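The structure appears right after this line, and notes come after that.
Numbered from 1 within each chain, the chains take letters A, B, ... in sequence-line order. Please read all numbers here as calculations on a predicted model, not as lab measurements.
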Amino acid sequence: MENIRVRFAPSPTGALHIGGVRTALYNYLFAKKHKGTFILRIEDTDQTRYVEQAESYIIEALEWCGFTPDEGPGIGGKYGPYRQSERKSLYAKYAQQLIDSGKAYYAFDTPEELDAIREAEKAKGNHTFKYDSKVRATLNNSIRLSADEVQAKLDADEAYTIRLMVPQDEIVVVHDLIRGEVKFQSNELDDKILLKADGMPTYHLANIVDDYAMKISHVIRGEEWLPSTAHHVLLYRAFGWEDVMPKFAHLPLILKPTGKGKLSKRDGSKLGIPVFPLSWNGATAEDSFVGFREFGFDIGAVRNFLAFLGWNPGTEQEIFKLEELVEAFSIENIGKSGARFDYDKAKWFNQQYIMAKDNKALVPEIRQIISAHGHDASDEFLESVAGMMKERVTLMPDFWTNASYFFEEVKEYDQKTIRKKWKPERRPLFDNLVERFEQLEDYSADQVKATVETFMADHELKFGDVLPILRIGVSGTTKGPSVFDMMALIGKETVNNRMKKAYDIMDNYHNEV
RNA sequence: GGCCCGUUCGUCUAGGGGUUAGGACGCAGGAUUUUCAUUCCUGAAACACGGGUUCGAUUCCCGUACGGGCUGCCA
């Protein structure tokens with residue numbers, strides 16, 4: 001394949017949905033795989049739905065993902081501008097061309113009139129009204145009106161739209177790289193609006209004009225676009241561009257984790273899971289969301305997870321770096337059926353990525369997490385924490401929630417363990433253990449362990465009698481890394497103080513019971 | 001309602017006319033581990049249904065069912 005040029009074309013109406021991120025990913029992978037060009041185009045033709053912060057959000061999200069566009073707003077490229085609002089005059093020109101060639105027509109019907117017709121049809125039992133070849137001759141447009149009447153309306157600055165005149169009795173074939181041939185009967189197709197009354201194009205016109213102008217070779221987009229692709233083919237034909245029409249690939253949808261339908265932003269807040277790459281602060285709490293990044297996901301894991309939602313390499317490899325995804329990616333391996341969003345799988349990927357990281361690389365990330373709780377520590381200390389904890393976390397914030405005792409005093413003690421393991425009559429023994437720790441000059445994990453072993457031998461105790469007590473004293477929980485490693489890291493004085501305090505707490509607990 | 005797309009373990013999927021239908025997540029059990037996690041082993045778990053075609057269909061065709069998408073001067 002030569003000159004592969006693909007575009008990711010989001011609409012700046014809010015935060016970029018994770019499904020959009022996957023579309024961007026597949027476009028990016030396809031472009032890079034074929035040494036092609038990845039283009040970002042902002043489809044801001046709907047002035048009523050435009051959201052100020054959305055474009056910068058999209059760009060930041062792509063940046064986080066590592067999908068740097070080769071061309072796009074703020075980047076440049078020889079096919080710009082890359083914001084459709086800045087290409088407005090182009091669309092009007094092409095719409096006019098279609099009018100002149102008889103492939104499109106003026107329609108003066110107002111939205112209110114059309115709504116009224118829809119209502120009336122509904123009342124008569126017709127499920128939907130379609131503005132199509134069957135009815136266009138009866139409506140308020142340049143098909144029915146005389147040339148003079150049309151001119152008069154135009155001269156009077158009456159609002160109009162331009163509609164595509166869909167030909168009758170044709171079979172429109174869409175060749176889809178994922179689904180094969182998809183056929184549509186043109187009589188089923190409505191006369192889509194191309195140019196809106198505000199002078200802006202609809203998606204249908206803008207996307208064809210721009211894909212043509214930007215020499216797009218492949219359109220990779222969500223399956224929700226498949227039905228309107230017939231119109232797009234008709235448009236290419238109307239313009240005489242069918243020979244350079246891009247190839248289409250319609251991606252399966254990402255479905256809700258539970259229940260029916262495609263994943264929506266509501267599912268995020270409802271289930272407490274991220275469905276956006278980055279956090280989004282909307283005007284209301286309802287419209288604000290926590291992103292994958294802020295949940296503590298690694299971007300590599302997110303990419304890997306998303307890549308596998310609808311695609312697979314055909315091998316049994318599961319973990320793919322970005323370069324490996326590029327290498328392995330192919331449209332042939334994209335599935336046809338919708339993929340359910342599996343949050344457990346996403347977390348598993350994240351855990352894999354954290355475990356695979358260098359302890360050193362984890363240091364700044366852990367520092368960021370604990371600093372949110374007002375703590376800091378040396379690089380060496382954090383590196384040790386990374387080594388001890390990375391196999392025990394799934395999301396970055398777990399470095400705090402599961403390991404806060406490395407950074408501050410124990411706040412909660414696992415009562416079940418106290419009940420089972422603390423024998424108040426052994427208090428003198430354990431006091432003695434702390435005394436032995438105090439004697440240690442070399443408070444290393446090995447020395448601590450040796451001390452404990454001697455202590456156990458002296459009093460005929462087992463690991464099970466001593467270690468849980470140490471764990472509770474040091475961390476409040478029985479879960480965690482090697483207790484000797486934890487003790488050595490936290491340090492003699494702190495540990496000894498914690499132990500003494502814990503003895504009192506455990507005694508008290510037993511007194512209360 | 002109409003049009004379009006889809007349907008392999010609960011989930012993501014491999015496979016494809018003759019296979020013990022493979023892997024991963026999750027789940028259950030076990031081993032290792034001072035605990036937890038990791039790691040390893042084992043297990044339960046799937047070709048939606050009905051007709052064809054065929055010596056033989058999970059695989060090809062047609063229906064049905066179910067699911068999804070579209071049906072806006074939204075994208």
**Prompt:** Does A:Thr315 place a side-chain N or O at less than 4.0 Å from the phosphate oxygens OP1/OP2 of B:rA14?
**Reply:** no
**Message:** Side chain of A:Ala339 only, heavy atoms from C-beta on: which candidate in B:rC12, B:rG69, B:rU35 is closest?
**Reply:** B:rC12
**Complete:** In this structure, OG of A:Ser133 is separated from CD of A:Gln168 (nearest 0.5 Å) by 4.0 Å
**Item:** Shortest side-chain distance from A:Lys345, nucleotide among B:rA24, B:rU34, B:rU13
**Value:** B:rA24
**Message:** Measuring only the P atom in each nucleotide, how far is B:rA46 from B:rG10? A whole number of Å is fine.
**Reply:** 7 Å
**Asked** Who pairs with A:Lys256 by side chain to side chain contact (heavy atoms under 4.5 Å, CB included), at least two apart in sequence or on another chain?
**Response** A:Ser264, A:Asp267
**Asked** When all nucleic acid strands are considered with a 4.0 Å heavy-atom cut-off, which category describes A:Ser11: base, sugar-phosphate, or nothing?
**Response** sugar-phosphate
**Asked** How close or far is atom P of B:rA14 from atom CD1 of A:Ile334, stated in whole angstroms?
**Response** 12 Å
**Prompt:** Heavy atoms under 4.0 Å, any strand shown: does A:Gly222 hit a base, just sugar-phosphate, or nothing?
**Reply:** nothing
**Other residues, nucleotides, ligands: >12 heavy atoms within 6.0 Å of A:Gln317 CD** = yes
**Prompt:** For B:rG1, what is the paired nucleotide under Watson-Crick or G-U wobble rules, both distances under 3.5 Å?
**Reply:** B:rU71
**Request:** Look at all strands and tell whether A:Thr110 reaches a base, only sugar-phosphate, or nothing, counting heavy atoms closer than 4.0 Å.
**Result:** base
**Request:** Using the P atoms only, state how far B:rG18 lies from B:rA57, rounded to an integer number of Å.
**Result:** 11 Å
**Prompt:** Checking all strands, does A:Tyr131 fall into the base, sugar-phosphate, or nothing category for heavy-atom contacts under 4.0 angstrom?
**Reply:** nothing
**Asked** Could you give the CG-to-C1' distance, from A:Asp132 to B:rC70, as a whole number of Å?
**Response** 16 Å
**Request:** Describe the nucleic acid contact of A:Pro252 in one word from base, sugar-phosphate, nothing, applying a heavy-atom distance below 4.0 Å.
**Result:** nothing
**Prompt:** Once you round it to whole Å, what is the distance between C1' of B:rA75 and CZ of A:Arg7?
**Reply:** 11 Å
**Asked** So what does A:Thr161 touch, heavy atoms closer than 4.0 Å: a base, only the sugar-phosphate, or nothing?
**Response** base
**Euclidean distance, atom CE of residue A:Met486 to atom P of B:rU35 [Å, nearest integer]** = 13 Å
**Prompt:** Nearest-Å distance, CG (A:Leu309) to P (B:rA24)?
**Reply:** 19 Å
**Message:** For a quick check of understanding: with a heavy-atom distance under 4.0 Å over all strands, which category does A:Pro111 fall into, base, sugar-phosphate or nothing?
**Reply:** base
**Request:** Would you mind telling me which residue lines up with the more 5' stretch of RNA chain B, A:Tyr203 or A:Trp311, judged by nearest nucleotide?
**Result:** A:Trp311
**Message:** One thing to verify: whether A:Arg87 and A:Asp210 come together as a salt bridge, which I'm taking to mean a side-chain N less than 4.0 angstrom from a carboxylate O.
**Reply:** yes
**Message:** Can you see whether A:Tyr131 has A:Arg163 sitting over its ring - NZ or CZ less than 6.0 Å from the centre and within 45° of the normal?
**Reply:** yes
**Message:** So, does A:Gln351 get its side chain near the phosphate of B:rA37, meaning an N or O under 4.0 Å from OP1 or OP2?
**Reply:** no
Which atom pairs link the protein and nucleotides 1-9 of chain B when you take only N or O atoms and keep those under 3.5 Å?
from: B:rG1; atom 1: N1; to: A:His127; atom 2: ND1; distance (Å): 3.4
from: B:rG1; atom 1: N2; to: A:Thr128; atom 2: OG1; distance (Å): 2.8
from: B:rG1; atom 1: N3; to: A:His127; atom 2: ND1; distance (Å): 3.4
from: B:rG2; atom 1: O2'; to: A:Glu188; atom 2: OE1; distance (Å): 3.3
from: B:rC5; atom 1: O2'; to: A:Arg179; atom 2: NH1; distance (Å): 2.5
from: B:rC5; atom 1: O2'; to: A:Glu223; atom 2: OE2; distance (Å): 2.8

**Request:** Just say parallel, tilted or perpendicular for the rings of A:Tyr26 and A:Phe329, cut-offs at 30° and 60°.
**Result:** tilted
**Prompt:** Tell me: CZ of A:Arg49 to P of B:rG72, nearest whole Å?
**Reply:** 15 Å
**Request:** Output yes when a side-chain donor or acceptor of A:Arg136 lies under 3.5 Å from a complementary backbone atom of A:Val166, and no otherwise.
**Result:** yes
**Request:** Let me know the distance between CD of A:Glu318 and C1' of B:rG26, rounded to the nearest Å.
**Result:** 13 Å
**Request:** Have a look at A:Gly314 and say if it touches a base, only the backbone sugar-phosphate, or nothing, with a 4.0 Å heavy-atom cut-off.
**Result:** nothing
**Request:** Report which part of the nucleic acid A:Asp109 touches: base, sugar-phosphate, or nothing (heavy-atom distance under 4.0 Å, all strands).
**Result:** base
**Request:** Determine the interatomic distance between C1' on B:rU8 and the same-named atom on B:rG22; round to the nearest Å.
**Result:** 11 Å
**Message:** Between B:rA48 and B:rA14, how far apart are the two P atoms, rounded to whole Å?
**Reply:** 14 Å
**Position toward the 5' end of RNA chain B (nearest nucleotide), A:Trp348 or A:Arg118** = A:Trp348
**Request:** Report which part of the nucleic acid A:Ala197 touches: base, sugar-phosphate, or nothing (heavy-atom distance under 4.0 Å, all strands).
**Result:** base
**Prompt:** So, A:Thr138 side chain and A:Val135 main chain: donor-acceptor pair closer than 3.5 Å or not?
**Reply:** yes
**Asked** What about A:Ser482, does its side chain sit under 3.5 Å from the base of B:rU34 through a donor-acceptor pair?
**Response** yes
**Item:** Spacing of A:Glu453 atom CD relative to B:rU34 atom C1', expressed in whole Å
**Value:** 10 Å
**Prompt:** How far does the P atom of B:rC62 sit from the matching atom of B:rC27, given to the nearest Å?
**Reply:** 41 Å
**Request:** Identify whether any heavy atom of A:Lys262 sits under 4.0 Å from a base atom; if not, whether one sits that close to sugar-phosphate; answer base, sugar-phosphate or nothing.
**Result:** sugar-phosphate
**Request:** Using a heavy-atom cut-off of under 4.0 Å over every strand shown, decide if A:Gly310 touches base, sugar-phosphate, or nothing.
**Result:** sugar-phosphate
**Request:** Identify whether any heavy atom of A:Arg340 sits under 4.0 Å from a base atom; if not, whether one sits that close to sugar-phosphate; answer base, sugar-phosphate or nothing.
**Result:** sugar-phosphate
**C1' gap between B:rA21 and B:rA65, integer Å** = 24 Å
**Prompt:** Using a cut-off of 4.0 Å on non-hydrogen atoms, how would the nucleic acid contact of A:Phe308 be classed: base, sugar-phosphate, or nothing?
**Reply:** sugar-phosphate
**Request:** Using the six-membered ring wherever Trp is involved, compare the ring planes of A:His204 and A:His232 and label them parallel, tilted or perpendicular (cut-offs 30° and 60°).
**Result:** tilted
**Request:** Once you apply the 3.5 Å cut-off to both distances, tell me the Watson-Crick or G-U wobble partner of B:rU7, or none.
**Result:** B:rA65
**Asked** Okay, side chain of A:Lys196, backbone of A:Thr45: is any donor-acceptor separation there less than 3.5 Å?
**Response** yes
